[in-house]
Number of protein chains: 2
Amino acid sequence: MSQSIKLTIDAVVFGYEEGKITVLLIKRKYEPFKNKWAIPGGFIQGDESLEQAVERELYEETGIKINYLEQLYTFGQPERDPRGRIVSIAYFGLVRPDAFKLFASTDAEDAQWFSIDELPELSFDHKEILELAIKRLQSKITYEPIGFELLDKKFPFSDLEKLYSTLLGRKVDRRNFRKKIVGLNVLDELDEKVSKGSGRPANLFQFNQKRYFQLKKEGIIFEI
Amino acid sequence: MSQSIKLTIDAVVFGYEEGKITVLLIKRKYEPFKNKWAIPGGFIQGDESLEQAVERELYEETGIKINYLEQLYTFGQPERDPRGRIVSIAYFGLVRPDAFKLFASTDAEDAQWFSIDELPELSFDHKEILELAIKRLQSKITYEPIGFELLDKKFPFSDLEKLYSTLLGRKVDRRNFRKKIVGLNVLDELDEKVSKGSGRPANLFQFNQKRYFQLKKEGIIFEI
DNA sequence: GCAAAAGTGTTCAAACTACACCCATGA
DNA sequence: TCATGGGTGTAGTTTGAACACTTTTGC
């Protein structure tokens, strides 16, 4: 009872740059949807795990290495791909800003970051996949500390605040936000400052993953 | 670039009976794991959607029809199935108590309900799948009104309370719980009462899905 | 009239929201 | 010295948690 169903993975990779959430897309080289933009992805090889497939495809197609990856949803409508029955396991990943530079140095004219407010037309059902990923990202940052994965390892509080404000689509009160996050006890305040040209230099913070896992084990939950 | 990867669905179906959360398992007829218990599931046919595949397999293997279904997770570790590379898209479903009777009337000696506190040994990685499903159910009832799908359409408040108390694994305060749920405005109080033999008869309630969707559209969220 | 389950309000503590001024630096 | 962004506390409101007695029915 062998199936002719084929299996692919797709990866929605988010970044954060200049106050905008961005997503990594590739320009397709072949039909169908030749020269159209699409979420990176491809077929799974027989001996690799799903996550390995995602990391491999991303690296092959865009040269990028992600630092957070989770499974999003599996899309399997019979008519979603004109080539036949193709089921795709979609993932979503996050990269730190330094990945942008890394990426820029590779030869990948067919891969590009787009602000999620200015998306091109997408291939297949990739619009639907991307929209689901955005929803997931928006809701997930409120109950898991994944926002840090979009920032540099050391970041000023204002960056975190701006990120949340962007993702949630509303202003967040600086004082209340800081109180809340500091109260969660998962940030280390460093003895470093950074200046953004003008204004008082900001203290740098760093996410303490060890402490987070410790607290999580104790049943203390992250919640914004 | 055709793959030899095969694709199956598996369905974790939960019920609720006598204050216990139960799960539907089947006894395997063939190797591997012959005569061992497993989550119902099977191969997807070329022309059906994933959800259709789940419903078909469930009906074929257990005679049951579920009234709530959602995708859980896709399991794809290369070594999860000794027969070769088989990726499985796991779903989780809920059935109302009347499905128990329906089910009992069919010829399905190889399918059986188990309390999730007294599970037999399971085939493949089905223990892992089931554990994930339980976690998902536990967390999901706190932010989506899916608990009602485990009760009769008309139910006394105490049933709902007992269900939550069972799923969350802790006592819930009757007064506070009722206040909270009534405040959500998604229950209709009926002009019917039900008596459980002794004690004051209870008013029956019914989940009003229309009103829930309406409220959801307006951005009002369900949360326990 | 008594056992058994249903129904109902109030009080206290904790968490959340709103809000404005001073601080440190670069130009 | 001024413009710019960083840093901080308090008061009022809302929400959540704890808690006990009355009501309705069957026996």
Next item on the list: Check every nucleotide of DNA chain C for an atom under 4.0 Å from a heavy-atom of chain A, then give the first and the last such nucleotide from 5' to 3'.
Entry: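 Extent of the interface on DNA chain C: C:dC16 to C:dG26.
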Atom [atom1] of [X] and atom [atom2] of [N]: how far apart are they, to the nearest Å?
X	N	atom1	atom2	result
B:K171	D:dC19	NZ	C1'	15 Å
A:E189	D:dG7	CD	C1'	10 Å
A:R200	D:dT4	CZ	C1'	12 Å

Margin query: Contact between A:F14 and A:I134 at the side-chain level, heavy atoms closer than 4.5 Å - yes or no?
Written below: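 In short, these two side chains touch, coming nearer than 4.5 Å.
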Could you check whether [X] pairs with [Y] (Lys NZ or Arg NE/NH1/NH2 to Asp/Glu carboxylate O, under 4.0 Å)?
X	Y	value
B:K36	B:E121	yes
B:K140	B:E70	yes
A:E60	A:R56	yes

Checklist line | Pair B:F205 and B:F157, ring centroids less than 6.0 Å apart | finding: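 Centroid distance B:F205-B:F157: below 6.0 Å, so yes.
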Notebook entry, point to check: Touch check for A:R174, heavy atoms < 4.0 angstrom, all strands: base, sugar-phosphate only, or nothing?
Noted result: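 The answer is base, as A:R174 lies within the cut-off (heavy atoms under 4.0 Å) of a base atom.
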Next item on the list: Would you classify B:N203 as touching base, sugar-phosphate or nothing, given that sugar-phosphate means primed atoms plus P, OP1 and OP2, and contacts are heavy atoms under 4.0 Å?
Entry: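 Result for B:N203 = sugar-phosphate.
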Item checked: Closest-nucleotide 5' rank along DNA chain C - winner of A:G197 and B:L204 ->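 By nearest-heavy-atom nucleotide position, the 5'-most residue is B:L204.
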Checklist line | 5'-most by nearest nucleotide on DNA chain D - B:D173 or B:S198 | finding: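 The residue mapped nearer the 5' terminus is B:D173.
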Check: How do B:N176 and B:K193 order along DNA chain D: which one's closest nucleotide is nearer the 5' end?
Finding: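 Result: B:N176.
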Check: Quick one: which of B:E218, B:K216, B:R211, B:K210 gives a side chain to side chain donor-acceptor pair (under 3.5 Å) with B:Q214?
Finding: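 Of B:E218, B:K216, B:R211, B:K210, side chain to side chain donor-acceptor pair (under 3.5 Å) with B:Q214 is met by B:E218 alone.
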Item checked: Short side-chain N/O contact from A:S158 to OP1 or OP2 of D:dG6, under 4.0 Å ->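 The answer is yes; a side-chain N or O of A:S158 sits under 4.0 Å from OP1 or OP2.
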Notebook entry, point to check: What about A:K179, does its side chain sit under 3.5 Å from the base of D:dT10 through a donor-acceptor pair?
Noted result: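 Such a pair exists between side chain and base.
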Next item on the list: Give a yes or no on whether a donor-acceptor pair under 3.5 Å exists between the nucleobase atoms of D:dA17, that is its base, and the side chain of B:R175.
Entry: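 Result: no qualifying N/O pair found.
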Notebook entry, point to check: Could you go step by step and tell me if A:F155 and A:F148 meet the ring pair (Phe, Tyr, Trp, His ring centres under 6.0 Å) rule?
Noted result: CA-CA 9 Å; A:F155 55 87; A:F148 307 109; 5.7 Å; yes
